[in-house]
Amino acid sequence: MQYLDTRGLAGRPRMFSEAVLEGIGPGGGLFVPERLPELDAAGLDHLASLPYAARAERVLSSFEPDLAPGVLHAAVSSAYGSQFDNPGIAPLRDLGGGRFVLELWHGPTLAFKDMALQLMPRLFSAAIERAAADGAGEYLILVATSGDTGAAALEGFADREHTKIAVLFPEAGVSTLQERQMTTRPGANVNVFRVGGDFDACQTAVKRVFEDAAFAAELAAGHGLSLSSANSINWGRLLPQIAYYLSACADLRARGALRDGQLVDVCVPTGNFGNVLAAWYARRMGAPIGRLISASNSNNVLAEFIATGVYDISARSLVRTPSPSMDILISSNLERLLWDLTGDPERIRGWMAGLGATGRFEVDSATLASLRDVFAGGWVDNATCLATIAEVQRERGYLFDPHTAVAWKVADAAAEDRPVLIVATAHWAKFPADVTRALTGQAPDAPMPTGDAELELLRRVPDLAPGATVPPQLDAVLRRPVRFHTRIDSTPDVVEAALREWLAGG
């Protein structure tokens with residue numbers, strides 16, 4: 001199977017390994033599969049009989065990656081092993097009333113990003129080995145993160161051969177624990193930078209670095225490095241996420257929660273659109289999914305787009321919320337969906353150029369109708385998010401993180417008369433201050449301890465929410481010394497200078 005460029009600028013289709021190594025297409029486009037494999041009900045039911053690693057291997061192999069079967073098997077088997085604290089890897093919880101929670105936070109960094117970023121680095125290494133015969137060198141993985149991607153990418157790529165990884169996160173835009181997971185990360189090949197501004201500024205700076213041909217030539221000549229990404233713009237990040245939606249649907253059918261012909265709505269808290277896009281691909285492959293509900297916080301540009309067909313950030317400023325991984329205004333993966341809906345690279349180029357130049361674009365009525373045939377959108381404000389955490393804990397004895405709380409509440413308004421799968425993207429312990437505010441009935445802006453003092457709240461939450469426990473994955477993080485202190489501005493020149501100094505040994 002080959003991969004096409006959403007903007008039609010790549011010249012030729014890429015093979016899987018090439019798409020993974022390049023990360024982003026020439027001119028900023030994203031790689032998409034030329035077609036999707038199909039999975040019938042019997043195939044879905046067979047998944048339910050397999051352990052999670054075998055399910056993921058079956059899904060990935062259906063995309064015909066140009067990797068030897070033994071290589072793919074080894075990568076998947078090692079990715080979904082003892083580093084997850086639940087043997088189901090992505091287990092389902094039935095909260096009653098037709099509500100099911102897909103827990104994607106059982107990995108080493110307690111966020112759904114582990115589901116892809118335990119596997120992607122292994123696929124990346126396999127792709128490097130395949131490319132080495134053609135003289136390919138080593139890679140610099142450059143990552144912009146709104147919180148969870150950075151920690152998971154560092155976990156996956158630390159001390160991996162033939163790669164270096166640099167993570168950029170927005171100051172005051174991640175939780176204390178998310179920051180600590182990144183800035184304490186061991187590894188000889190890693191670096192972490194705190195960036196002035198919000199996530200969109202951070203992400204835009206990284207994209208500009210990718211587009212700088214002169215800097216790419218400098219990396220190649222001076223260090224033998226090529227640039228690539230571990231963000232969800234990389235197909236190697238997105239493909240493993242399709243597997244957990246197919247796995248969840250297989251489990252629902254095996255439990256009898258979905259009968260033949262019955263569908264489940266899926267509600268996903270999302271900012272960069274990658275997680276809900278993976279559900280879209282699973283649906284197109286044959287998963288019994290009805291509507292896809294995109295849940296936003298106060299940065300509700302996606303909800304507005306789904307309602308109106310207008311993507312407009314021209315007069316917006318990013319709002320800081322209790323769900324920082326969704327504090328995003330530029331949803332990169334939306335481009336892949338628009339390509340699927342239109343198949344027209346020229347329109348994609350025009351829309352993305354409009355977004356870059358004016359902060360706005362509007363799709364045509366036919367594209368909007370196709371979008372709304374499957375997608376619904378909704379959003380909640382900060383106070384409602386925290387109130388939902390307290391409500392679900394009180395009524396159902398289950399403690400959400402703020403991102404999952406957003407999805408739960410949006411599903412209340414958007415779901416139809418069918419079962420609903422709520423995607424739980426992070427463990428509550430990554431956000432102790434906001435969870436404490438929620439459980440004690442305080443306002444979203446109520447003062448809370450910061451820094452190391454905030455981490456002490458981890459010990460208090462189980463007293464407020466009986467049954468809640470602090471996961472052991474955090475113990476090592478809290479013991480590790482902080483390694484990375486550098487703050488830089490969010491301009492491409494400054495980012496490149498910081499990378500240049502690091503690579504030179506400064």
Side-chain angles (χ1 to χ4, degrees), residues 75 78-85 105-125 128 138-171 173-195 202 206 223 225 227-231 236-237 325 426-427 429-430 432 451-452 454-456 458 470-488 495 498-506:
S78 61
Y80 301 119
S82 60
Q83 63 270 49
F84 285 80
D85 65 13
W105 42 256
H106 287 280
T109 72
L110 303 172
F112 83 98
K113 306 298 176 71
D114 290 323
M115 297 297 300
L117 283 167
Q118 282 298 297
L119 179 55
M120 181 198 168
R122 292 165 167 85
L123 298 175
F124 200 92
S125 293
I128 289 176
E138 300 191 343
Y139 283 80
L140 171 59
I141 311 297
L142 189 57
V143 177
T145 182
S146 57
D148 290 327
T149 291
L154 291 165
E155 183 76 25
F157 278 100
D159 291 324
R160 187 162 291 277
E161 292 183 353
H162 308 302
T163 59
K164 296 181 183 295
I165 179 168
V167 170
L168 286 72
F169 71 90
E171 64 180 352
V174 300
S175 77
T176 299
L177 191 54
Q178 287 174 317
E179 179 176 335
R180 183 66 62 88
Q181 285 180 308
M182 291 183 281
T183 59
T184 65
R185 178 67 230 181
N189 64 333
V190 308
N191 206 337
V192 178
F193 299 96
R194 176 184 288 102
V195 178
C202 185
V206 166
H223 304 281
L225 291 170
L227 273 175
S228 191
S229 172
N231 287 94
R237 256 287 305 278
S325 295
H427 194 284
K430 300 194 77 167
D452 288 346
E454 180 186 341
L455 300 180
E456 292 302 315
L458 285 170
V470 178
Q473 291 97 316
L474 297 183
D475 291 342
V477 174
L478 299 179
R479 290 195 303 267
R480 295 187 317 219
V482 174
R483 295 183 61 202
F484 305 107
H485 304 272
T486 303
R487 181 198 181 278
I488 61 176
V495 172
L499 294 172
R500 194 177 288 118
E501 181 179 0
W502 169 47
L503 295 172

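Once rounded to the nearest 0.5 Å, the distance linking CZ of R160 with CD1 of I141 reads 10.5 Å. Distance CD1/I165 to CD/E155: 11.0 Å, rounded to 0.5 Å. Note that NE2 of H106 and CZ of F112 are 15.0 Å apart. Values are rounded to the nearest 0.5 Å. To the nearest 0.5 Å, atoms CG (L503) and CG (N191) are separated by 9.0 Å. Interatomic distance, CZ of R180 versus CZ of R185, reported as 15.0 Å (0.5 Å rounding). Atom CG in L225 sits 10.0 Å away from atom CG in L499 (nearest 0.5 Å).
For the residue pair K430 / S175, no side-chain donor-acceptor distance below 3.5 Å is found, with atom types taken as modelled.
Nearest approach of G451 to T176, heavy atoms of both residues: O-CG2, 3.4 Å. When every heavy atom of G147 is checked against every heavy atom of V174, the shortest pair comes out as CA-CG1, 3.7 Å. Across all their heavy atoms, W502 and K164 have their closest contact at CH2-CB, 3.8 Å. When all heavy atoms are compared, the tightest approach of A144 to N231 is O-ND2, 2.6 Å. P471 and L110 get closest at one heavy-atom pair: CG-CD1, 3.5 Å. Between K113 and A152, the shortest heavy-atom contact is CB-CB, 3.6 Å.
Taking the side chain as every heavy atom from C-beta outward, L154 and M182 approach each other to under 4.5 Å. Under the 4.5 Å side-chain criterion, counting only non-hydrogen atoms from C-beta, V143 is not in contact with F169. Residues W105 and Q473 form no side-chain contact, since every pair of their non-hydrogen atoms from C-beta on lies 4.5 Å or further apart. With contacts defined as side-chain heavy-atom distances shorter than 4.5 Å, the pair Y139/I128 qualifies. Looking at heavy atoms from C-beta onward, V495 lies in side-chain contact with L168 at the 4.5 angstrom threshold. Taking 4.5 Å as the limit, some side-chain heavy atom of Q118 sits within range of a side-chain heavy atom of P108. Side chains of V167 and F193 form no contact here, defined as non-hydrogen atoms less than 4.5 Å apart. Annotation: side chain of L474 is not in contact with side chain of H427 (no heavy-atom distance under 4.5 Å).
A donor-acceptor pair is defined here as one N or O able to donate and one able to accept, closer than 3.5 Å; such a pair exists between the side chain of N189 and the backbone of D159. Checked by atom type and distance alone, the side chain of R237 pairs as donor or acceptor with a backbone atom of A230 at under 3.5 Å. Side chain of S125 to main chain of R122: no donor-acceptor pair is present (N/O by atom type, distance under 3.5 Å, no hydrogens or angles). Judged by distance alone, with hydrogens and angles left aside, the side-chain atoms of D148 form no donor-acceptor pair with the main-chain N or O of Q178 at under 3.5 Å. Side-chain atoms of E454 never come within 3.5 Å of backbone atoms of L177 as a donor-acceptor pair (strictly under, hydrogens ignored). Between the side chain of Q181 and the backbone N or O of T109, at least one donor-acceptor pair lies under 3.5 Å.
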Please determine whether salt bridge (charged side-chain N to carboxylate O under 4.0 Å, His left out) holds for the pair E171 and R487, giving the CA-CA distance in whole Å, both sets of side-chain angles, and the decisive distance to 0.1 Å. CA-CA 8 Å; E171 64 180 352; R487 181 198 181 278; 2.9 Å; yes
Please test F157 against F124 for ring pair (Phe, Tyr, Trp, His ring centres under 6.0 Å), starting from the C-alpha separation and ending with a verdict. CA-CA 9 Å; F157 278 100; F124 200 92; 5.8 Å; yes
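Applying the side-chain hydrogen bond (donor to acceptor under 3.5 Å, both in side chains) test between T184 and each of R479, R483, R480 identifies R480 as the sole match.
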